[in-house]
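For ligands, and for the atoms within them, numbers begin at 1 and follow the listed sequence. As the structure is a computational prediction, the values presented were derived from the model and not from experiment.
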Amino acid sequence: MNAQPNANLFSRLFDRLKDGAKIAIETADGAIISYSDLVAQAGRMANYLVSRGVKPGDRVAAQTEKSVAALVLYLATVRAGAVFLPLNTAYTLNELDYFIGDAEPSLVVCDPSKQAGIAALADKIGAKVDTVDSNSKGSLSDGAAKQSADFATVKRANDDLAAILYTSGTTGRSKGAMLTHDNLASNSLSLVEYWRFTNKDVLIHALPIYHTHGLFVASNVTLFARASMIFLPKLDPELIIKLMARATVLMGVPTFYTRLLASPNLTKESTRHMRLFISGSAPLLAETHREWSARTGHAVLERYGMTETNMNTSNPYDGERVPGAVGFPLPGVSVRVTDPESGKELAREEIGMIEVKGPNVFKGYWRMPEKTATEFRPDGFFITGDLGKIDAQGYTHIVGRGKDLVISGGFNVYPKEVESEIDAIPGVTESAVIGLPHADFGEGVTAVVVNSKEAKLDEAAVMKALDGRLAKFKMPKRVIFVDDLPRNTMGKVQKNVLRETYKGLYGK
Ligand code: AMP
């Protein structure tokens, strides 16, 4: 009699592995890991986790540099029925204290250089600590090497947790998004089809693996497709351009594309072997999209997702990839735009709150049932916090995070609209529009602008260029010039940092 299939993501990935000799991962220093190797390493590591007392449902936290062992740790944790909890490498001990205390993992894995500090935090909740470094060396790998490669993948249901990812938490406390086995598997399988991944693909993987983009989108999609990935520790534009001669897909945040465009070696010829360039995690400037097309002949495919929902929408594989738009809902995903106050669905072209529903949407915030309840509508739609619209052709557009909306003199000002006008001024590289406390207006629209190297624009020149292009209430009250916008590792402009830096600008 056939047993029920195991919904464990690991089983769905590897139970029917046929071509084990196929390359799964290649590292920058030339190490090759086949699919059979990967499954065997995950078996050894899963046995080691069990020997360390990790039980199904337990959390395994990892603040590790990018390495093959770190990816194997993710797969092994899931295989053992435990819950993987990756942590941004930039988090300080003070921040880790909160995450570890909140998630109560039974094992914490960290870089050897951080062992002493983390051990003190782990001790408080009785968690064990192991280490692994960027070369896959440490007590974790040493322990796993002594174990058998055979491991019976722990049975899980669709709805069981596979991972908890803490949101970046730019306002208030960071929340743990609980992702199930089916959230991850269904979304990756959908993307494999939508983006036409096959076992002929070679992905350039230069994203961090503590975030949904590099961990789930890049790695799971590659593994489900039996494609290969070239694992790079970080963004290295010249190396990436060199690798394009034998790769087929790049997934990046917008910064990847601007940094690559800065190299004269990015040409039609150097990208000839590539079939797909994907961007997400932050808005890709329409200008970057156009420049990329002109230089390489490839239209970047932009998609939209978030930690809580995996991927929601994508520009089409065939058909027009519209600059500045994030495309159509993925199969099985419903997207709607609503009035933020009443929750009533809005018509096409009207700006409101983006809400999504589907098998991709997370189960809720870890140990925050009240917070979870307020983020879902009664009919199951998740309120993303992103403001946007669906245009007449059905493409979704994002105009910014709800919390970045500027309300000046009682009027809503969508930063993206003002930024697009500023970015169109010759000499402007990019801009960020924020609201700052203002005695008369509540918030004053404020533009933070990066000039191109040659440009010598000043505040008056920007104001003059905008005159007549924007309604008066949308006009910036002040323009500030900076060399660079503050960004996090995923390329997102940190508007909270700008708001904090300039909060006294209007003397309030
Ligand atoms: P994270 O949870 O770190 O992946 O951040 C998710 C947020 O990033 C979303 O809620 C959006 O605000 C933003 N985001 C992701 N993809 C895009 C995109 N293609 N364009 C604009 N914003 C995006």
Determine whether the aromatic ring centres of Phe277 and Trp292 lie less than 6.0 Å apart.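 Yes; Trp292 has its ring centre under 6.0 Å from that of Phe277.
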So, regarding [X] and ligand 1 (criterion: nitrogen or oxygen to nitrogen or oxygen, under 3.5 Å), is there a contact or not?
{"X": "Ser279", "answer": "no"}
{"X": "Glu308", "answer": "no"}
{"X": "Asp386", "answer": "yes"}
{"X": "His211", "answer": "yes"}

Quick test: of every protein heavy atom, which one is nearest to atom 6 (C) of ligand 1, and how far off is it to 0.1 Å?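 Checking every protein heavy atom, the shortest distance to atom 6 (C) of ligand 1 gives Met306 CB, 3.3 Å.
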What atoms of ligand 1 come closer than 4.0 angstrom to any heavy atom of Val326?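 Once the distances to Val326 are compared, the set is 18 (C), 19 (N), 20 (N).
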Atom indices of ligand 1 within 4.0 angstrom of Thr307 heavy atoms, with elements: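 Those qualifying, in numeric order: 1 (P), 2 (O), 3 (O), 4 (O).
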No-hydrogen, no-angle side-chain donor-acceptor test under 3.5 Å, Lys66 and His205: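 Short answer, yes.
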Looking only at the side chains, is there a donor atom on one of Glu95 and Thr92 sitting less than 3.5 Å from an acceptor on the other?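 Their side chains do contain a donor-acceptor pair, which is all the 3.5 Å distance test asks for.
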Indicate yes or no: at least one non-hydrogen side-chain atom of [X] is less than 4.5 angstrom from one of [Y].
{"X": "Lys357", "Y": "Phe382", "result": "no"}
{"X": "Leu38", "Y": "Leu75", "result": "yes"}
{"X": "Glu355", "Y": "Thr384", "result": "no"}

Which is closest to atom 23 (C) of ligand 1 in terms of heavy atoms, Ala282, Gly402, Ser314?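 Residue with the shortest heavy-atom distance to the ligand atom: Ala282.
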Tell me which one of Ser281, Gly491, Pro254, Pro283 gets a heavy atom nearest to atom 14 (N) of ligand 1.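 Minimum heavy-atom distance to atom 14 (N) of ligand 1 goes to Ser281.
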Just let me know how His213 lines up against ligand 1, side chain, backbone, both or neither, with a heavy-atom cut-off below 4.0 Å.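 The answer is neither; His213 stays 4.0 Å or more away.
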Name the one of Thr309, Asp386, Asn315 that satisfies side-chain hydrogen bond (donor to acceptor under 3.5 Å, both in side chains) with Tyr304?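 Filter result, single survivor: Asp386.
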In this structure, does ligand 1 have an atom that sits under 4.0 Å from one of the heavy atoms of Met490?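 It does not; every heavy atom stays at 4.0 Å or beyond.
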Looking at ligand 1, does Ile398 have a heavy atom less than 4.0 Å from it?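 For ligand 1, residue contact (heavy atoms, under 4.0 Å) with Ile398 is present.
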Rounded to the nearest 0.5 Å, what separates atom NZ in Lys363 from atom CG in Asp160?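 Here the rounded value is 6.5 Å.
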